[in-house]
Peer 1: 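Structure below; questions to follow.
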Amino acid sequence: MKKSLKKILAAVFCLGVIGTMSTTVDAAAKIPADAKAESASTIQKENLKLEKNWDKVFPKSDKVDHQKVTFVNRYGITLAADMYTPKGYSGKLPAIAVCGAFGAVKEQSSGLYAQEMAERGFLTIAFDPSFTGESGGYPRFVASPDINTEDFCAAVDFLSTLDNVDADKIGIIGICGWGGFALSAAAIDTRIKATVASTMYDISRNAANGYFDYEKDAETLKSERMQQRINLNNQRTADYKAGRYARAGGVVEDPSEFPQFVKDYYDYYKTKRGYHKRSLNSNGGWNATGVLSFVNFPLLTYISEIENPVLIVHGENAHSRYFSETAFENMTGVKPSGFDTISGNKELLIIAGANHVDLYDNFDAIPFNKIDTFFKTYLR
């Protein structure tokens, strides 16, 4: 009887599929083959306004060539990027796409990483995510677990089509919140052959639980999330009535009464060290409802299924260290111990004495030699 039931279910399933296919074919046959219908399936690039002058927070290297490029993600948003190519190269190069930190732009830490890795022989791009910096997307100053993961995948699309890139040797680097997006992208995009997450934030966990969720009991977290939902949805109503989106504000102007990690952010985003006019954290911040969707949609659900190599780097004294430690354990099943924990082709490296922001631009803290060796091992 079980076999008969299976046959019946299989037949019904096949009929359903055939019926769906027939409907699709019939519907497609009725669509006029005109220019309008054709353009609906065409990848179209927005004409972005890009800064022509060097306006990074770090000096320009004489060891690489630099140019502005654009590419389009799967949602039709055009992204702006800086491309760095080592001078005097020949043949096809391994390539790396870089993004982060969360609320930063490509003229800050991601550009610094990209330029440094180009000096070491990689073709690199540092890109602004959707809705941010010089990239397209409206409304501005919002984030999305899906779209921002897609931004990394779109960067791989772009790099894969370049004549001077070996499409089988593409890696990514995500910094801060973009470390989480990098892991999310690595879990879905098998073309990403190696991933580095530096000073990683799990934005979903942070948005849903606040900082240091492990210090709160389950009922407290549940109550706080409900209040957060109420506040955010009330803000949605207020925004729609006002006809504009309220901004949440960037890094505070006076961090003196705040914890040390806020002072560290101030030292980067609000001083000559890292301030940039297009950076959300340096200025007005995200929309007040900008990260609403992260409360319900965990980014890192499937990272245990990443088969390709991953290197996670974090500072010993970073307030955010627990994000990386949890991610590594969830990815490998191995609890971190000491300053360097390795499980197969996954590694968690803790940098002695470093805080969260040190890994944005401090060459004494960022393990570029380690990152270089990692990519040259797995993008060979």
Side-chain angles (χ1 to χ4, degrees), residues 58 61 63-64 83-101 109-126 152 155-156 159 164-176 178-179 182-183 185-186 189-200 303 306-316 318 321 324-325 327-328 331-332 334 336-354 356 358-380:
F58 52 90
S61 171
K63 298 177 182 178
V64 303
M83 179 187 290
Y84 300 90
T85 310
K87 288 187 175 179
Y89 77 92
S90 61
K92 290 182 177 289
L93 294 169
I96 302 170
V98 191
C99 195
S109 54
S110 62
L112 183 146
Y113 272 69
Q115 181 173 261
E116 176 66 21
M117 295 310 294
E119 287 188 357
R120 294 167 180 263
F122 300 88
L123 183 148
T124 65
I125 58 171
F152 260 128
V156 177
L159 291 171
N164 54 348
V165 166
D166 186 332
D168 291 323
K169 298 178 180 179
I170 296 176
I172 60 175
I173 299 175
I175 305 163
C176 183
W178 281 85
L183 294 182
D189 196 331
T190 56
R191 301 171 301 169
I192 298 170
K193 302 306 182 184
T195 300
V196 171
S198 180
T199 196
M200 191 204 83
I303 60 173
I306 299 173
E307 295 185 356
N308 287 332
V310 175
L311 170 63
I312 301 177
V313 182
H314 224 107
E316 176 188 15
R321 176 177 167 178
S324 285
E325 292 176 328
F328 181 82
M331 185 167 52
T332 64
V334 175
S337 60
F339 284 87
D340 195 8
T341 307
I342 300 174
S343 177
N345 60 5
K346 311 295 189 294
E347 182 172 2
L348 171 64
L349 179 64
I350 303 299
I351 306 302
H356 180 87
D358 281 334
L359 296 184
Y360 284 9
D361 66 343
N362 185 343
F363 276 78
D364 292 331
I366 304 170
F368 278 121
N369 288 338
K370 174 72 175 183
I371 294 170
D372 182 37
T373 299
F374 172 79
F375 280 122
K376 285 178 178 172
T377 298
Y378 292 111
L379 299 183
R380 61 185 177 187

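Atoms considered below: every heavy atom in the structure, side chains included; atoms not considered: hydrogens, waters and symmetry mates.
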Peer 1: Measuring from atom NE2 of His356 to atom CD1 of Ile175, what distance do you get when rounded to the nearest 0.5 angstrom?
Peer 2: 10.0 Å
Peer 1: What's the shortest heavy-atom distance between Ala194 and Phe374, and which atoms?
Peer 2: CB-CE2, 3.7 Å
Peer 1: Taking the side chain as every heavy atom from C-beta outward, state whether Ile96 and Ile173 have any pair of such atoms under 4.5 Å apart.
Peer 2: yes
Peer 1: Test side chain to side chain contact (heavy atoms under 4.5 Å, CB included) on Val310 and Met331 and set out the steps.
Peer 2: CA-CA 10 Å; Val310 175; Met331 185 167 52; 3.9 Å; yes
Peer 1: Nearest 0.5 Å, please: how far is CZ in Phe339 from CG in Leu349?
Peer 2: 10.0 Å
Peer 1: Quick one: do the Ser61 and Gln115 side chains pair a donor with an acceptor below 3.5 Å?
Peer 2: no
Peer 1: Nearest 0.5 Å please: distance from the CG atom of Leu379 over to the CG atom of Leu93.
Peer 2: 11.5 Å
Peer 1: Looking at Arg321 and Glu316, what are the two nearest heavy atoms and their distance?
Peer 2: NH1-O, 3.2 Å
Peer 1: Taking side-chain contact (heavy atoms from CB on, under 4.5 Å) as the criterion, tell me which of Leu359, Ile351, Asp358 meets it with Thr199.
Peer 2: Leu359
Peer 1: Is the number of heavy atoms from other residues, nucleotides or ligands within 6.0 Å of NZ (Lys87) greater than 12?
Peer 2: yes
Peer 1: Can you list every pair that meets salt bridge (Lys or Arg N to Asp or Glu O under 4.0 Å) and has a residue in residues 339-348, with sequence neighbours left out?
Peer 2: Glu347-Lys370
Peer 1: To the nearest 0.5 Å, what is the distance between CD on Glu325 and CD1 on Ile350?
Peer 2: 5.5 Å
Peer 1: Go through the structure and list residues passing side chain to side chain donor-acceptor pair (under 3.5 Å) with Ser198, not counting sequence neighbours.
Peer 2: Tyr113
Peer 1: Give me the atom names and distance for the closest heavy-atom approach of Tyr84 to Ala118.
Peer 2: CB-CB, 3.5 Å
Peer 1: Hey, which of Leu311, Val313, Thr373 is the one that makes side-chain contact (heavy atoms from CB on, under 4.5 Å) with Pro367?
Peer 2: Val313
Peer 1: Got a second to check how far Thr190's OG1 is from Ile306's CD1, nearest 0.5 Å?
Peer 2: 12.0 Å
Peer 1: For Ile172 and Ala182, work out which heavy atoms get closest and say how close.
Peer 2: CD1-O, 3.5 Å
Peer 1: Can you name the salt bridge (charged side-chain N to carboxylate O under 4.0 Å, His left out) partners of Lys169, sequence neighbours left out?
Peer 2: Asp166
Peer 1: Only counting residues at least two apart or in another chain, list the ones meeting salt bridge (charged side-chain N to carboxylate O under 4.0 Å, His left out) with Arg120.
Peer 2: Glu116, Asp372
Peer 1: Considering only heavy atoms from C-beta outward, does the side chain of Asp189 approach that of Val156 to under 4.5 Å?
Peer 2: yes
Peer 1: Of all heavy-atom pairs between Pro336 and Phe328, which one has the smallest distance, and what is that distance?
Peer 2: CG-CD2, 4.0 Å
Peer 1: Run the side chain to side chain donor-acceptor pair (under 3.5 Å) test against Lys92 and tell me which residues pass, sequence neighbours left out.
Peer 2: none
Peer 1: For the backbone of Thr195 and the side chain of Asn308, can you confirm whether one donor and one acceptor N or O come within less than 3.5 Å of each other?
Peer 2: no
Peer 1: Parallel, tilted or perpendicular, judged at 30° and 60°: which one describes the rings of Phe363 and Phe368?
Peer 2: tilted
Peer 1: Report the distance from atom CG of Leu183 to atom CD1 of Ile303, rounding to the nearest 0.5 Å.
Peer 2: 5.5 Å
Peer 1: Using only atom types and a distance under 3.5 Å, with no angle test, would you say the side chain of Thr124 pairs donor to acceptor with the backbone of Ala114?
Peer 2: yes
Peer 1: Can you see which heavy atom on Phe375 is nearest to which on Gly171, and at what distance?
Peer 2: CE2-CA, 4.0 Å
Peer 1: Just so I know, are the side chains of Pro94 and Lys376 near enough to count as touching, which here means a heavy-atom distance under 4.5 Å?
Peer 2: no
Peer 1: For Phe152, enumerate each residue passing the ring-ring contact (aromatic ring centres under 6.0 Å, His included) test, keeping only those at least two apart in sequence or located in another chain.
Peer 2: Phe127, Trp178
